[in-house]
Amino acid sequence: ATMGCSRLRAFLVLALASSVTALIAPGSTVSSLPKAGARTRRVTRAVPTASAKIIPIVYASAGGSLVYHAATTAASASPTYKALLVATGMLGIVDLGPTVNRQFASYKRALVKFPPASSGPAKQQRQAAITWQKCVRLKLLGQVVGLVWAAVAASKGTPAAVFEGVSGVMAANVGFWLAGAGGARHDDDGNPAPVPAKLVRTIGAVDAILLAVALFGAREAARLGSAPVCSLVLAAGCGLGIMENLPKRLKELAGK
């Protein structure tokens, strides 16, 4: 039965990941057909995709599921485990989802602002935009897989797999910086806005520590059934991200 649950969880996660990957594919191009007697002229235009619209929904759904399962899980579950579910879910809703949604729009604007070039600064700017695109996609895919994995695991009552899902989220964050996101970062308008190398190292180190804690927690939960210290550390780490971004989200909601 355990093997069946694991296979079902893996299938659901991979299916959603494949769907998100397809949705975040760059907009295709179409060519206008020349009218009879008119000079042939190839005109291409970007076909907008609805991919960005689904990003907050996916994060909110996975995050909301984690919060729901924290509220409905068995009374015997440890408070630290419940805190981990709530903190991870709220992090996805308040921080991860809105952030990656802005970054998704950022790289699309950057690719428009910096078209393909063969040499010089223009080529460097184009390459930076492409690197930014790859970094954002990597983080998006990893975070979605991790959050959905954790949510499915929470519904099955398997703490070890929840830690695995959280480790996937943290691994996506680490990979984001290792792939060069700091130097390739662009702002919301698509303009280059690199992050200082010292700050990248600091953020990357914190993410790496949280990744290590999540992996250790998965091992301990599989062996002992729970990992309260790891749960507490991860909940605290997620809480910092929530506290930092919650005022911004509330202000955005108030302005609507």
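In this chain, residues are counted from 1 in sequence order.
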> Are the side chains of R185 and P194 in touch, meaning some heavy atoms are under 4.5 Å apart?
no
> Where the side chain of R126 meets the backbone of L111, is there a donor-acceptor pair that is under 3.5 Å apart?
yes
> Kindly indicate whether the side chain of D188, heavy atoms from C-beta on, has any atom under 4.5 Å from the side chain of Q103.
no
> What are the two closest non-hydrogen atoms of W149 and E164, and how far apart are they?
NE1-OE1, 3.2 Å
> Could you state the interatomic distance from OG1 (T99) to CD (Q143), rounded to the nearest 0.5 Å?
8.5 Å
> Side chain to side chain contact (heavy atoms under 4.5 Å, CB included) for H69 and S65? Distances and angles first, verdict last.
CA-CA 6 Å; H69 290 301; S65 176; 3.3 Å; yes
> Checking Y81 against V162 for the side chain to side chain contact (heavy atoms under 4.5 Å, CB included) test, could you report, in this order, the C-alpha distance in whole Å, the side-chain angles of both residues, the deciding distance, and whether it holds?
CA-CA 10 Å; Y81 173 66; V162 170; 3.5 Å; yes
> Give a yes or no on whether V166 and I203 share a hydrophobic cluster (residues Ile, Leu, Val, Met, Phe, Trp, Tyr; joining criterion: side-chain heavy atoms under 4.5 Å apart).
yes
> Same cluster or not: L138 versus V58, using hydrophobic residues (I, L, V, M, F, W, Y) connected whenever any side-chain heavy atoms lie under 4.5 Å apart?
no
> Could you see if I130 belongs to whatever hydrophobic cluster contains V100? Use Ile, Leu, Val, Met, Phe, Trp, Tyr and a side-chain cutoff under 4.5 Å.
yes
> Supply the atom-to-atom distance L210 CG to L215 CG, rounded to the nearest 0.5 angstrom.
11.0 Å
> For K134, I'd like to know if atom NZ has over 12 heavy atoms of other residues, nucleotides or ligands within 6.0 Å.
no
> Quick check for you: to the nearest 0.5 Å, what is the distance between N101 atom CG and I54 atom CD1?
11.5 Å
> Please check: side-chain N/O of T158 versus main-chain N/O of A153, any donor-acceptor pairing under 3.5 Å?
yes
> Could I get the full list of side-chain contact (heavy atoms from CB on, under 4.5 Å) partners for A117, not counting sequence neighbours?
A122, K123
> Rounded to the nearest 0.5 Å, what separation is found between the SG atom of C230 and the CZ atom of R219?
9.5 Å
> Working to the nearest 0.5 Å, report the span between CD of Q124 and OG1 of T131.
11.5 Å
> Looking only at non-hydrogen atoms, find the nearest pair between A160 and A222 and report the distance.
CB-N, 3.6 Å
> Stepwise, does the side chain to side chain contact (heavy atoms under 4.5 Å, CB included) test hold for L141 with R137?
CA-CA 6 Å; L141 185 58; R137 286 184 174 183; over 6 Å; no
> Applying side chain to side chain contact (heavy atoms under 4.5 Å, CB included) between K139 and each of L96, N173, V144, report the one that passes.
N173
> Can you name the nearest heavy-atom pair linking A184 to A128, along with the distance?
CB-O, 3.5 Å
> Which pairs count as ring-ring contact (aromatic ring centres under 6.0 Å, His included) when at least one residue sits in residues 156-184, sequence neighbours excluded?
W132-F176
> Identify each donor-acceptor pair in which a side-chain atom of residues 234-248 lies under 3.5 Å from a protein atom, sequence neighbours left out, and give them as a table.
from: N245; atom 1: ND2; to: D95; atom 2: OD1; distance (Å): 3.3
from: N245; atom 1: ND2; to: G241; atom 2: O; distance (Å): 2.9

> If you group Ile, Leu, Val, Met, Phe, Trp and Tyr by side-chain heavy-atom gaps below 4.5 Å, do V206 and V233 land in one group?
yes
> To the nearest 0.5 Å, how far apart are OG in S106 and CG in N191?
8.5 Å
> Apply side chain to side chain contact (heavy atoms under 4.5 Å, CB included) to M170 and V213, showing your working.
CA-CA 10 Å; M170 300 307 168; V213 172; over 6 Å; no
> If I compare all heavy atoms of P115 with all of K113, which pair ends up nearest, and what's the gap?
CD-O, 3.2 Å
> Of the non-hydrogen atoms in G92 and L147, which two are nearest, and what is the gap between them?
CA-CD1, 4.3 Å
> How far apart are the closest heavy atoms of V152 and S155, and which atoms are they?
O-OG, 2.5 Å
> Do V200 and L211 belong together in a cluster built from hydrophobic side chains that touch within less than 4.5 Å?
yes
> Under 4.5 Å between any side-chain heavy atoms of R109 and V112, yes or no?
no
